[in-house]
Amino acid sequence: MLASHADRERAVDVLRAGYGEGRLEHGEFEKRVGRAYAARTVGELALLVADLPQGPLPRPASVAPVPASFLPVPRPRTNGKAVAAGVCGLLCVPTMGLTGIPAVVLGHVARAEIRSRGELGDGLALTGLVLGWLSTAGWALVLVLLTVVSVVAS
């Protein structure tokens, strides 16, 4: 597509903004402005400003997208079962250990998923496991003591 005078002026505006922000040296700025005024197509103008913030100049479809190697790396998400294991583990105290077994089960499942999927939340799963096992061991100790006391008393 042939470039209009307005297209050239928009490209020069982007170059001026880039120069004002310190993104271009004076010599390079002058050289690009000269090339912008001499450009015949919108594609030539797009190449002149492709490495600058676009400002008022719209990006034509002919410019290649940003390579995947320059895109930000997506942050791994936190495993939901790990969160549930941590919550169940913390609720062991107010519920007198009723959430201990779910904390243990969810903790083991969450740690397996975290290892296989590369998710976050290993600390939460481990917290649920520790508190769940402590709660379960506490209840087992209480049951053993009750059994011993009942056998001795009879």
Side-chain angles (χ1 to χ4, degrees), residues 1-140:
M1 178 187 302
L2 291 177
S4 67
H5 294 298
D7 293 331
R8 289 184 193 92
E9 289 300 324
R10 279 193 293 270
V12 170
D13 286 342
V14 171
L15 292 171
R16 282 189 189 119
Y19 177 68
E21 294 171 353
R23 297 177 191 274
L24 298 171
E25 298 291 327
H26 183 70
E28 184 180 6
F29 168 70
E30 292 294 328
K31 183 178 173 183
R32 287 191 189 196
V33 168
R35 288 176 55 196
Y37 283 125
R40 300 239 332 120
T41 64
V42 174
E44 292 175 52
L45 293 174
L47 290 175
L48 289 174
V49 297
D51 60 340
L52 297 172
Q54 291 302 303
L57 183 65
R59 275 185 89 107
S62 63
V63 176
V66 176
S69 59
F70 293 112
L71 294 176
V73 177
R75 184 169 177 221
R77 52 185 288 260
T78 303
N79 186 288
K81 291 181 180 119
V83 174
V87 169
C88 285
L90 291 174
L91 288 176
C92 283
V93 175
T95 62
M96 295 187 299
L98 292 177
T99 59
I101 293 176
V104 170
V105 172
L106 287 168
H108 281 296
V109 172
R111 291 196 76 198
E113 287 180 0
I114 288 169
R115 273 186 248 117
S116 67
R117 297 180 190 167
E119 295 174 323
L120 300 175
D122 194 47
L124 288 168
L126 193 58
T127 300
L129 278 171
V130 169
L131 294 175
W133 278 119
L134 286 174
S135 168
T136 305
W139 272 110

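In what follows, every heavy atom counts, from backbone to side chain, and hydrogens, waters and symmetry copies are set aside.
- Although no hydrogens or angles enter the test, the distance criterion places a donor-acceptor pair under 3.5 Å between the side chain of Trp139 and the main chain of Met96.
- Summarising the geometry of Ala85 relative to Gly107, their closest heavy-atom pair is CB-N, 3.5 Å, with the distance given to 0.1 Å.
- Around atom CD1 of Ile101, no more than 12 heavy atoms belonging to other residues, nucleotides or ligands sit under 6.0 Å away.
- Leu98 and Pro102 get closest at one heavy-atom pair: O-CD, 3.8 Å.
- If you take CG on Leu129 and CG on Leu134, they are separated by 10.5 Å, rounding to the nearest 0.5 Å.
- The distance from atom CG of Asn79 to atom CG of Leu124, rounded to the nearest 0.5 Å, is 9.5 Å.
- Salt-bridge annotation for Glu28 and Arg32: present, with a side-chain N of the basic residue lying under 4.0 Å from a carboxylate O of the acidic one.
- When atom types are taken as modelled, the side chain of Ser135 and the backbone of Leu131 share no donor-acceptor pair closer than 3.5 angstrom.
- Minimum heavy-atom separation, Ala11 to Leu45: CB-CD2, 3.9 Å.
- One distance of note links OH of Tyr37 with NE2 of His5; it measures 11.0 Å at 0.5 Å rounding.
- A 6.0 Å sphere centred on CD of Glu21 holds more than 12 heavy atoms belonging to other residues, nucleotides or ligands.
- Remark: the backbone N or O of Leu126 is not paired with any side-chain donor or acceptor of Arg111 at under 3.5 angstrom.
- With rounding to the nearest 0.5 Å, the separation of NZ in Lys81 from CD in Glu119 is 9.0 Å.
- In this structure, Cys88 and Leu106 have side chains that are in contact, with non-hydrogen atoms separated by less than 4.5 Å.
- For residues 72-102, there are no ring pair (Phe, Tyr, Trp, His ring centres under 6.0 Å) pairs, not counting sequence neighbours.
- For the residue pair Tyr19 and Leu24, the shortest heavy atom distance occurs at CD1-O, 3.4 Å.
- Nearest heavy atom pair, residue Ala103 against residue Gly89, reads CB-N, 3.6 Å.
- Trp133 and His108 have perpendicular rings, their planes meeting at more than 60° on a 0 to 90° scale where under 30° would count as parallel.
- Interatomic distance, Leu15 CG to Arg8 CZ, rounded to the nearest 0.5 Å: 13.5 Å.
- Shown here are the side-chain contact (heavy atoms from CB on, under 4.5 Å) partners of Leu120, two or more places apart in sequence or in another chain: Arg75, Pro76, Thr78.
- Separating the CZ atom in Arg35 from the CG atom in Leu48 is a distance of 5.0 Å, to the nearest 0.5 Å.
- The pair Asp13-Arg16 meets the salt-bridge criterion, since a charged nitrogen lies less than 4.0 angstrom from a carboxylate oxygen.
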